[in-house]
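Presented below is the structure to which this report refers.
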Amino acid sequence: MTRRLIGVLALSASVPALAGPATPSPEVFTVGTASAASGKKATGFLSIPAGSDAGTEIPVAVVRGAKSGPVLALVSGAHGTEYASIAAIEELIGRLDPAQLSGTVVLVPLVNVASFEGKVPHVNPVDGKSMNRFYPGRADGTQTERALLAMTREVVERCDYLIDLHGGDLDEDLRPYAYWVKTGNAKLDAASREMVLAFGLDTIIVATDRPTDAASSRYLDSTATTRGKPAITVEAGRAGTVDPEDVRALVDGCLSVMRQLRMLAGEPARVEHPVWITTLHAVASDATGIFHPLVKRGSYVAAGAPLGYVTDYFGREVFRARAPAAGIVLYVGAVPSMKKGDTLASIGVPGAGD
Ligand SMILES: [Zn+2]
């Protein structure tokens, strides 16, 4: 993908506008229009040109450590209303000090700008597509696909490790958890398992269902793993809130992984005894109407326990959802709006984490 220097905003004082030499020296690391020399921080944009629909500009920051080390990508805002995760990356852009860093951190705080600005959950309102389901993207696709192609080429292919941050969407009352993508490649899986333990969230979903084909990787984490790069996905946040506790969990988790990767001094804060979730049940509504939850996020439910019910617009119960298995309520619907087929709760069943 050609690097386009149209509509550039270089926000860092250390980098002049329209930064990015044609042939960067080895000390300079460039993503989109963000070019950081060794020991510097730079911000810029991935410019997605217009195609069958409008173009967009995805903000990106590069923190280039004074010492050498791996490249870690931190990405949030594929779902632009998962605010806690976006706030976490925003905080990290300010906090990371290139003088203390070994290696390079590429931070993308907001992939789905139109979702954030329009307060639209789950999808990019420009084309109605989830920005975590259409990787690795395509040049002749709609905005989501063109943007994800740029993410694949400029961020995934340039990094050694990746963390995808999410935060419970506007309609999800969610308890924090992480995903460990188990690919079957022992070396890769061992590396990502160390990352997810270092991140520190105490509930970890073992994701064994991710695509294995790099050409149709769908998710950001599997776009990394199918290219041989250890990656994890983490979630903290819920229902439009920016709870300091959720933001702290995400910020501290990223810093702890950076210690585990020897990019920062100090020891990682490893979670010792996480609950591993080996089966996920997405419970869908059988009816359209008004949702009334009967469980709280994070609670344990028995098989058959009522999770909530849906009434019609006159208050008559038309559907009652029950837990298909005993497990943990990872999230439950946070708002009354409910359409037939929508997920109203996610139940995680604990199992072995190896
Ligand atoms: Zn998300």
Side-chain angles (χ1 to χ4, degrees), residues 56 58-59 73-90 92 107-135 137 143-145 147-148 151-152 155-156 162-181 196 199 201 203-205 207 209-211 217-225 231-243 246-247 249-251 253-254 277 280 282 284 297-298 329-335 337 342-346 348:
T56 185
I58 298 173
L74 304 175
V75 179
S76 65
H79 304 131
T81 46
E82 297 184 354
Y83 298 119
S85 58
I86 297 160
I89 299 286
E90 180 191 22
L92 283 165
L107 303 103
V108 182
L110 183 55
V111 175
N112 193 344
V113 176
S115 154
F116 179 87
E117 292 181 349
K119 308 181 193 77
V120 176
H122 304 297
V123 299
N124 178 354
V126 172
D127 55 17
K129 292 173 180 166
S130 167
M131 295 194 84
N132 196 28
R133 291 296 184 281
F134 289 87
Y135 279 99
Q143 186 189 88
T144 291
E145 293 161 313
L148 299 191
M151 288 291 297
T152 298
V155 178
V156 179
L162 182 142
I163 304 176
D164 186 16
L165 291 88
H166 290 254
D169 219 322
L170 280 180
D171 56 351
E172 293 169 351
D173 192 16
L174 180 142
R175 64 99 67 228
Y177 54 85
Y179 291 90
W180 172 40
V181 181
V196 81
F199 198 93
L201 296 179
T203 300
I204 302 171
I205 297 168
D209 59 344
R210 291 287 202 261
S217 51
R218 297 189 72 214
Y219 303 84
L220 177 56
D221 55 19
S222 41
T223 303
T225 57
I232 61 172
T233 295
V234 295
E235 293 245 12
R238 60 196 168 92
T241 58
V242 185
D243 185 331
D246 291 322
V247 177
L250 294 173
V251 168
C254 290
I277 301 292
L280 272 184
R297 66 196 173 95
V329 178
L330 296 177
Y331 66 83
V332 59
V335 298
S337 305
D342 285 354
T343 300
L344 58 74
S346 172

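Everything quoted here is computed from the prediction, not taken from an experiment. One-based numbering, in listed order, for ligands and for the atoms of each.
- Ion pairing between a basic and an acidic side chain is recognised when a charged N comes within 4.0 Å of a carboxylate O; Glu145 and Lys129 show such pairing.
- Between the Zn ion (ligand 1) and Glu235 there is no N/O/S contact shorter than 2.8 Å.
- Taking the ring centre of Tyr179 as origin, the terminal cationic atom of Arg210 falls inside the region bounded by 6.0 Å and 45° from the ring axis.
- No donor-acceptor pair closer than 3.5 Å links the side chain of Thr81 to the backbone N or O of Lys119.
- Each of Thr144, Val123, Val113 was checked for a side-chain contact (heavy atoms from CB on, under 4.5 Å) with Met131, and the lone residue meeting it is Thr144.
- The Zn ion (ligand 1) is closest to atom ND1 of His79 (considering only N, O or S atoms).
- Taking the N/O/S atoms of His166 in turn, the shortest distance to the Zn ion (ligand 1) belongs to ND1.
- Look at His122 and the Zn ion (ligand 1): no N/O/S atom of the residue is under 2.8 Å from the metal.
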